[in-house]
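Report on the following structure.
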Amino acid sequence: MPGPRASLLSLDPARLSLPEKPALEGLEAKWTPRWDADGVYAFDRSRARDQVFAVDTPPPTVSGSLHVGHVFSYTHTDVIARFQRMRGKAVFYPMGWDDNGLPTERRVQNYYGVRCDPSLPYAPGFLPPTTPPKPPMSVSRPNFIELCNRLTGEDEKVFEHLWRYLGLSVDWSMTYATIGTRAQRVSQIAFLRLLSKGYAYQVEAPTLWDVDFKTAVAQAELEDRDLAGAYHRIQFAKPDGGVVEIETTRPELIPACVALVAHPDDERYQPLFGHDVITPLFGVRVPVRAHTLADPGKGSGIAMICTFGDTTDVTWWRELSLPVRAVLQPDGRLGAVSWGTKGWESADAERATRYYGELQGLPAAKARVKIAEQLRDSGDLVGEPRQITHAVKFFEKGDRPLEIITSRQWFFKTIEFREPLLKRGAQLQWHPPYMQARFENWTNGLNGDWCVSRQRFFGVPFPLWYPIAADGRVEYDKAIAAEEHRLPIDPSTDVPPGYREDQRGVPGGFAGDPDVMDTWATSSLTPQIACGWPDDPDLFARTFPMDLRPQAHDIIRTWLFDTVLRAELEHDSLPWTNTAISGWVLDPDRKKMSKSKGNVVTPMGLLEEHGSDGVRYWAASGRPGTDTAFDTGQMKVGRRLAMKLLNASKFVLASSQLQGPITAEVDRAILQRLGQVIDAATLDFEGYDYARVLQRTEDFFWRFCDDYLELVKGRRYGEQGPEGAASANSALAAALSVLLRLFAPFLPFVTEEVWSWWQPGSVHTSAWPTRAELDALLPEHAPAQDSRDQQIYDWATTVLFEVRKQRSEAKQPLKVPITQVAITAPSADLALMPSVDADLRAALRVHRFECAAGEGRTFAVAGYDAAPA
RNA sequence: GGGCGCUUAGCUCAGUUGGUAGAGCACCGCCUUCACACGGCGGUGGUCGCAGGUUCGAGUCCUGCAGCGCCCACCA
């Protein structure tokens, strides 16, 4: 473990090796393999928990392409990780790939031109056609999963190359994938443990359903989209012969109507409560009920309850104990109905059958148009439909509005943990703090348990089978769980204990659970997956709860919330102590950087054009949680900074063999100032404010170059004798050592390059600088002396500035010496002059300063030497 | 409808216990200077969204308003 050593600050001429012409090109290719070979970022798992800094890296979705937003936020994490490593922590920084779930399935379908048909048998050795066939060819589920693994494997190689090129200090030996064996094992073990605790349960219930993907989805995966719709005003017949009018945007659900509902205080409808009305077209008697959720101000104040049109219908249906009369099928079309049979009693079954026959088989949107015609013909439509735009719930990856379909699904208990979860949210350190409000907002707004089953293929299966009764009925309430040591298993190919494969799907035999888990049910276990739970308790004890979860703010409701929930349910603990929330990368026109634009500007292209250090500089300038504009200008600035660092370092290290005590006032002053920068930067870093660290360091560095380097240039070349040169050289070397280490987390390539010119080992495993290191070089300083040194330095920069300005205004080139500068200033200022007179004359090319005591400060250039011929 | 954030130079943004407005980019001028033209030096540019309030003093604290963005809810 490298600790602070004086030798980091001094120069060993025997070790020095300066390039003729330093360059940034090729530094990524030069250093990435060396870091790998030297294990610079390898996690030392012998260290105790308090000496470890564990990062729960977001596993990027491999089915997409990486875009600048990834580069942006992953750089933030890397900067923090590098700081912690230099502070002496063993940094646990694995990378994961999220290759599980729907996005991968979609990509595989399009890429290979296939679709999954679970009824087909596995075809060993199957290879997809070289060009995607049209229409897509059907493949078995195991073959489909092979293709998913094959494509994600290729994508992951590309991703890893980009991350290495960017300079992420990840330990690549610990990489995991959310569809990998280990993630599946953790996911299945965690599921079975929740099941045994009673925290996981299955139920046949109305569930949010995507009709294109034909799967259940969770509340967290919803989004609202504005859609054109129309209010239809429709008559229901009252028993006394009158009518009651309702308004609906979904008239196609009239056959699914089970009741009307109005507010209990609504005097208009109170007489109807407890009585029945007759549905138009289908002649079904439905009751009129009272419920406080009915809004007297909306539509006609009385609403139709269908099974199911929206989530409010579900609430009414449950709380009013209404029957189910479902017409929508999982594919979003209206299914077959036998009017006149039980549950479908109609006053005129023949008429109902005639009307419904025109609707059956249509998708909901088409049925809506058709039924409006029917209602118009039958005289039950009042006026014409009124066009509106309203927000409708969609699956975030879906193309058609969600429906609510009754089906058997697995849930994790969530609602009853609302209070403990809110407490965990308050314990977590949020960077920036206001992001905690997002978490609380979401937690308080939860309206149901987490539906975790998906009717898809490429995901982690439920490790369960069900007995099949003698009558062929699947006994879902008698689930057979796999033994933990066998996990992961796939119930579609593995056989439960006590059964044989030939008993699959037959009466008296068994059936595997056909579903896979929500991708978040696995992603919410990234701390457990990365930290070795439960198979490597030693690693787990050294890394969990982790220190940092970095992520973007749009997935607080999913990834962050779900991870907190799983740690609460499994470990009664927070999964990490800190979370750093990154903003988004915005287009210059303030829109979120879109995928299409991200593809136009590829991350690799940016890294090649501006250098990884340049791109990292831009990324690290974005403050935690703040959306940041995509700005190649900032990348150019970063590249310029890296270039400046190369050149300034070359200057500092050249002709620097003569080292000695730091005696000159300005030399002491610059190191004092640098010490203050270290203190402030360290505090900022501890608060995760990396952007401010960079800003402070950069600010100091430019002033260091512009003023200090110019000021000592003559002296360090020996113009004032060996002691002066030695003082300057020692101060320069010390300052460079500190600056390289301050910049190292941000600009890993250029700092490593310069470090290698004169220091052993990697700058990235060197110690984070401290003020005490620099103080040790100034053994006899006292506060009064420090203060005077600072006054001298300030005075020197004032003179530099004033004389430069006059030279600029006089448009005199630097090669023309100034004959004399007349300075009038208070005698306290003039008393500082002797300490810097020689430095200033050299830096400004002034023959002499003529000083006179007086009020205020004036600097008058008396004249210039004749320009050389 | 509820919540959170933002609003400072043409652009991107700093401004940490309230004390005379900052940086970079862009723009203008000068300079090939022996670390650096992938450069250096200097300069122009802002009634800090609006209106009140607290204070000797407000970009900073309080109240209200407006615009923008995001999250959530409602969606008959």
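Residue numbers start from 1 in every chain, and the chains themselves are labelled A, B, ... in the order their sequence lines are given, proteins ahead of strands. In this text the structure is predicted, and so the values were computed from the model without any measurement.
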For this session: Would you mind checking if A:Asp689 and A:Arg623 are paired as a salt bridge, meaning a charged N to carboxylate O distance below 4.0 Å?
Result: yes
For this session: Could you measure between the two C1' atoms, the one in B:A58 and the one in B:A73, and give it in whole Å?
Result: 37 Å
For this session: For each nucleotide in nucleotides 70-76 of chain B, reading 5' to 3', give B when a protein heavy atom comes within less than 4.0 Å of its base, S when such contact involves only the sugar-phosphate, and - otherwise.
Result: SBSSBBB
Exercise. For A:Leu320 and A:Val258, what are the C-alpha separation, side-chain angles and deciding distance, and is it a side-chain contact (heavy atoms from CB on, under 4.5 Å)?
Worked result: CA-CA 11 Å; A:Leu320 299 174; A:Val258 291; over 6 Å; no
For this session: Starting from P on B:U33, measure out to NZ on A:Lys815 and report it in whole angstrom.
Result: 6 Å
For this session: Write down the distance separating the P atoms in B:G1 and B:U44, rounded off to the nearest Å.
Result: 48 Å
For this session: Answer with base, sugar-phosphate or nothing: what part of the nucleic acid does A:Trp618 contact at a heavy-atom distance below 4.0 Å?
Result: nothing
Problem set entry | Atom-to-atom span, CE of A:Met635 to P of B:C25 - whole angstrom | 16 Å
Exercise. Say you pick atom P in B:C48 and the same atom in B:U60; how far apart are they, in whole Å?
Worked result: 10 Å
Exercise. How is A:Lys636 classified with respect to the nucleic acid when contacts are heavy atoms under 4.0 Å: base, sugar-phosphate, or nothing?
Worked result: nothing
Seminar exercise, completed: A:Leu709 has its side chain closest, among B:A14, B:G40, B:A35, to B:A35
Exercise. For the pair made of CZ in A:Arg639 and C1' in B:A37, what is the distance, rounded to whole Å?
Worked result: 15 Å
Exercise. Which residue lies toward the 5' end of RNA chain B, A:Asn647 or A:Met435, if each is placed at its nearest nucleotide?
Worked result: A:Met435
For this session: Would you mind checking if A:Glu247 and A:Lys298 are paired as a salt bridge, meaning a charged N to carboxylate O distance below 4.0 Å?
Result: no
Problem set entry | Nearest-Å distance once atom C1' is located in both B:A21 and B:A14 | 12 Å
For this session: Report yes if some heavy atom in the side chain of A:Phe395 is under 4.5 Å from a heavy atom in the side chain of A:Trp209; otherwise report no.
Result: no
For this session: Would you kindly give the CG-to-P distance between A:Leu16 and B:A35, to the nearest whole Å?
Result: 15 Å
Problem set entry | NZ/NE/NH1/NH2 to OD/OE distance under 4.0 Å, A:Glu25 and A:Arg639 | yes
Problem set entry | Side-chain ion pair, A:Glu809 and A:Lys811, N-O less than 4.0 Å | no
Exercise. Between A:Asp631 (CG) and B:A23 (P), how many Å, whole number?
Worked result: 18 Å
Exercise. Nearest to the side chain of A:Tyr434, which nucleotide is it out of B:G5, B:C41, B:G24?
Worked result: B:G5
Exercise. RNA chain B: A:Arg703 or A:Arg696, which has the more 5' nearest nucleotide?
Worked result: A:Arg696
Seminar exercise, completed: Annotated structure of RNA chain B as dot-bracket, pair cut-off 3.5 Å, Watson-Crick or G-U only, | for inter-strand, is ((((((((.[[[[.)...(..]]]].(((((.......))))).....[[[[[..)....]]]]])))))))....
Problem set entry | A:Arg692/A:Asp699 salt bridge by N-O under 4.0 Å criterion | no
Problem set entry | Integer angstrom distance from the P of B:U16 to that of B:G59 | 12 Å
Exercise. Is there side-chain contact between A:Asp679 and A:Leu683, with heavy atoms separated by less than 4.5 Å?
Worked result: no
Problem set entry | Short side-chain N/O contact from A:Lys811 to OP1 or OP2 of B:C31, under 4.0 Å | no
For this session: Please determine if A:Arg804 and A:Asp707 form a salt bridge, counting it only when a charged side-chain N lies under 4.0 Å from a carboxylate O.
Result: yes
Exercise. When you check the phosphate oxygens OP1 and OP2 of B:G40, does a side-chain N or O of A:Arg804 lie under 4.0 Å from one of them?
Worked result: no
Exercise. Taking the same atom, C1', in B:A51 and in B:C30, what whole-Å distance lies between them?
Worked result: 47 Å
Exercise. Under 4.0 Å: is that the gap between some side-chain N or O of A:Arg640 and OP1 or OP2 of B:G24?
Worked result: no
Exercise. Under 4.0 Å between a Lys/Arg side-chain N and an Asp/Glu carboxylate O for A:Arg715 and A:Asp667?
Worked result: yes
For this session: Can you tell me, in whole Å, how much space there is between the C1' of B:G49 and that of B:U7?
Result: 6 Å
For this session: Would you mind telling me which of B:A35, B:C25, B:C31 lies closest to the side-chain atoms of A:Pro813?
Result: B:C31
For this session: Would you classify A:Glu440 as touching base, sugar-phosphate or nothing, given that sugar-phosphate means primed atoms plus P, OP1 and OP2, and contacts are heavy atoms under 4.0 Å?
Result: nothing
For this session: For B:C25 and B:G42, measure between their P atoms and round to the nearest Å.
Result: 13 Å
For this session: Evaluate whether atom CZ of A:Arg703 has more than 12 neighbouring non-hydrogen atoms of other residues, nucleotides or ligands under 6.0 angstrom away.
Result: no
Exercise. Between atom CG in A:Asp699 and atom P in B:U16, what is the gap in whole Å?
Worked result: 15 Å
Seminar exercise, completed: Among the nucleotides B:A14, B:G39, B:G42, whichever has the atom closest to the side chain of A:Ser808 is B:G42
Exercise. Are A:Glu403 and A:Arg250 within salt-bridge range, i.e. N to O under 4.0 Å?
Worked result: yes
Exercise. Can you tell me how far C1' of B:C36 sits from CG of A:Leu814, to the nearest Å?
Worked result: 15 Å
Problem set entry | Sugar-phosphate, base or nothing in reach of A:Arg716, heavy atoms under 4.0 Å | nothing
For this session: Please determine if a side-chain N or O atom of A:Arg807 lies less than 4.0 Å away from the OP1 or OP2 oxygen of B:G40.
Result: no
For this session: May I have the distance from A:Glu20 (atom CD) to B:C36 (atom P), rounded to whole angstrom?
Result: 11 Å
